[in-house]
Amino acid sequence: MSNDTLTARRAFMSANDAVSYGVRLCRPEVIAAYPITPQTSVVEKLSEFIAGGEMDCQFINVESEHSAMAAVMGAAMMGCRTFTASSSQGLLYMCEMLHYVSGSRFPIVMMNANRTVAAPWNIFGDHRDSLAMRDAGWLQVYVENGQEALDAVIQAYKVAEDPAVRTPVMVCLDGFVLTHTYEVVSIPGQREVDAFLPPFVPGENVLDLANPRSLCISVAPEWQTEFRHQQQEAMAAARRAIAGADGDFAGVFGRRWGGMVEEYRCEDAEYVLMGLGSVMGTTRLVVDKLREEGLKVGLVKVRYFRPFPNEEIAALGRRVKGIGVIDRDVSFGNAGALYTEAKAALYSAGDASPHTVNFIAGLSGRDITKEHLETMYRKVIALTEGKAEREIQFAGLRWEEW
Amino acid sequence: MKVKDLSDSELLYGHKACPGCAAGTVARLILKVTGERTFLAYPASCLSTVTSIYPQMAFSVPSFTAPFPATGAVLSGMAAAVKAKKLQDVTVLGIAGDGGTADIGLQALSGVVERGDRIFYVCYDNEAYMNTGVQRSSLTPFGAATTTSPVAGSSAGKRGVKKNLFEILVAHRIPYCATASIAHTADFLNKVEKAKNTDGPSFIHVLAPCPTGWGFPSDQTMAVGRLAVETGLWFLAEYEQGRVKMNSVPRNFRPVEEYLGLQKRFRHLGPAERKLIEGQRDREWADMREKWGF
Ligand SMILES: Cc1ncc(C[n+]2csc(CCOP(=O)(O)OP(=O)(O)O)c2C)c(N)n1
Ligand code: SF4
């Protein structure tokens, strides 16, 4: 069977499989990966596709995550489209390489299965791993379900390879809650994807026999700032590219995910919860329920954490009375990462700035229940009505009433 | 390969290495053999520092500075790209120091060799981390003074013995590997040519005397390199088709003193320690003789 035989269809699959189909449709030429739960089934599936001749791609079985990213970088600098995936300890082990790749402006796409970080050891999900890498110079997108995972992969290549961006993208999926949950997913046809994402045309930073140059070299202090500035500019360009890719994608495939953020029932909302990833699915149900009670609630799904949706959040802040930020991580000694950054974005609203509260929830796979989410909305409402609430709260802590 | 057949063109030009640096010569000679169709990776090291500081570039082949621990892995990625792009007649080459090869880079080197990728990896061995200021590595020989195995109080230079990199590669059953010396230029070039033509991973470990780190006059690089072989403190060997062959077996070793005495890094060693080094040498050779039957 050749690549082109993949025609559009619907199938019941895990979000990990959805990612694998998304990657296959993007026709990477080189994949390197090292297994770690709950990412493993992505690269197993891709190996299967390659072994079965359904993908024309080189698969490198490396000896570590550091090497996985180094190997795809080696291929990317030869002008290949590449893919890798990791999670948790593996992502941290790649840390040096993540900076190296973004600083060298290779448009690599990776999937991260969000899983907490040891110690204590735990294989279940939260966002501590990828958020710890937020300064690695990668774009980061957090998805809510399998369909969004598949679509986000395809869009990620489009954004990463945009000549104004040329920056790597990390597609983040909540471990187990998404990676291992089955749902019906629409697989786009190969031909449509080929039209949306033509073969990768590398820019100048490739190793070329006809035009030898040195890449990834040392830069003295009098030049480094200019390189860094270009990275910052690329992130600004990424905001436009993300919106553009989402719009174009909607044109071809009929699905739109909102670009940087997605707002749900926010038009007239006074109280919103904001968060990343799969928890937003449950939150939608809670919004619907509370709306039936007449409460003006909404939710804001932050899709891209890098670049950060400062403008979108500032605009929201001028409209609503209270915002609760759900963080599946905590930067010990401060607050959750999303909260810290959202609060900074809201600063521009000045005196009109809404009340804010940070809910630390869902750490290391702990469930975030509908009851928890409802309580969060009620706490946000109470806060706007003058009730004192602690600014940073761990949801459902064993020894505290919630 | 005959020296007179060597290309006149230089693919490494205008680098900033210390006078008498063997590492620079090693890179220059290798490129003369592998030629313009070479993709080169070199990790953080003296070599990267003296060749590639923006906006100056001393290599005239497509090249890049690899992350310190990752040379083997990036070579794998490049080799995969060569297959993906169906490139013909190219060499994927890595040149790394002893630290970037035998310490932090050992895992990635082991990985690429085990995978059997068609790559050529050279370790130029200046027996310490020179770029960061002469710290000991696992290839620093017994007794050598470095900035992290200093001579002071109870410490008298490096204590452990030099890791045997050649045997580590032989243990991988690599298709081709060799040791070489900058002073045995024709032998070195022949080995480079064999390595380049190997269908699979190949490796050369070349001793690269460093006037700055070892403490000898910069016009003595070749002499020091030659003495290393003649005193038996370095050996010239090849491993191919599952067998080790010695390229040079000195009938009588010159006294180790001739080699040690030329270098400041051994200056503090007393007669007992020099004897110890000689004893280690003799045991190593007896071992090799028995294992490899020469
Ligand atoms: C992960 C990491 N750790 C440490 C360093 C710092 N570092 C750069 S070069 C170097 C030593 C290189 O030594 P070697 O490989 O022997 O090459 P030489 O400088 O002697 O040519 C070190 C420790 C680094 N670049 N990356
Ligand atoms: S310190 Fe030694 S290896 Fe480094 S450039 Fe100078 S002579 Fe060469």
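Chain letters run A, B, ... following the sequence lines, proteins first and then strands; every chain starts at 1. Here the structure is a predicted model, which is why all the values come from computation and not from measurement.
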S.K.: Can you name the nearest heavy-atom pair linking A/A70 to B/V74, along with the distance?
M.R.: O-CG1, 3.0 Å
S.K.: Under a 4.5 Å heavy-atom cut-off, does chain A meet the side chain of B/A66, its backbone, both or neither?
M.R.: backbone
S.K.: Under the 3.5 angstrom rule, does the side chain of B/R115 hit a backbone N or O of A/N61 as a donor-acceptor pair?
M.R.: yes
S.K.: Using heavy-atom distances under 4.5 Å, tell me whether B/V92 contacts chain A through its side chain, its backbone, both, or neither.
M.R.: neither
S.K.: With side chains defined as the heavy atoms from C-beta onward, is the minimum distance between A/V219 and B/I53 less than 4.5 Å?
M.R.: no
S.K.: Heavy-atom cut-off 4.5 Å, strictly under: side chain, backbone, both or neither for A/V30 against chain B?
M.R.: side chain
S.K.: Let me see the working for B/S110 and A/E63 under side chain to side chain donor-acceptor pair (under 3.5 Å), right down to the final yes or no.
M.R.: CA-CA 9 Å; B/S110 177; A/E63 70 292 339; over 6 Å; no
S.K.: Hydrogens and angles aside, do A/S64 and B/Q107 bring a side-chain donor and acceptor to less than 3.5 Å of each other?
M.R.: yes
S.K.: Find the distance between CD (A/E222) and OH (B/Y54) and round it off to the nearest 0.5 Å.
M.R.: 11.5 Å
S.K.: Does atom CD of A/E226 have more than 12 heavy-atom neighbours from other groups under 6.0 Å away?
M.R.: yes
S.K.: Going by atom types only, do B/S63 and A/S214 share a side-chain donor-acceptor pair under 3.5 Å?
M.R.: yes
S.K.: Between B/M78 and A/L207, is there a side-chain heavy-atom distance shorter than 4.5 Å?
M.R.: yes
S.K.: State, to 0.1 Å, how close A/A75 and B/A81 come at their nearest heavy-atom pair, and which atoms those are.
M.R.: CA-CB, 4.0 Å
S.K.: Could you list which of residues 164-177 of chain B have a heavy atom closer than 4.5 Å to any heavy atom of chain A, in residue-number order?
M.R.: none
S.K.: Between B/T65 and A/I217, which heavy-atom pair has the shortest distance, and what is it?
M.R.: OG1-CA, 3.8 Å
S.K.: Between B/F64 and A/M73, is any pair of side-chain heavy atoms under 4.5 Å apart?
M.R.: yes
S.K.: Using every non-hydrogen atom in the two residues, find where B/A80 and A/Q58 come nearest and quote the distance to one decimal.
M.R.: O-CG, 3.4 Å
S.K.: Identify the heavy atoms of B/P67 and A/Y100 that sit nearest to each other, and give their distance.
M.R.: N-OH, 3.4 Å
S.K.: Counting only N and O atoms by type, is there a donor-acceptor contact under 3.5 Å from the side chain of B/K85 to the main-chain atoms of A/G79?
M.R.: yes
S.K.: Surrounding CD of A/Q232 (heavy atoms of other residues, nucleotides or ligands, distance under 6.0 Å), is the total greater than 12?
M.R.: no
S.K.: Quick check: are there more than 12 heavy atoms from other residues, nucleotides or ligands sitting under 6.0 Å from CD of A/Q231?
M.R.: yes
S.K.: Answer whether the closest heavy-atom distance between the side chains of B/P62 and A/M77 falls below 4.5 Å.
M.R.: no
S.K.: Looking at chain B, which one of A/M78, A/M69, A/E96, A/E29 has the largest number of heavy-atom pairs inside 4.5 Å, strictly under?
M.R.: A/M78
S.K.: Taking non-hydrogen atoms and a cut-off under 4.5 angstrom, which of residues 35-49 of chain B neighbour chain A?
M.R.: B/E36, B/R37, B/T38, B/F39, B/Y42
S.K.: Which bit of A/F59 is near chain B, if near means a heavy-atom gap under 4.5 Å: side chain, backbone, both or neither?
M.R.: neither
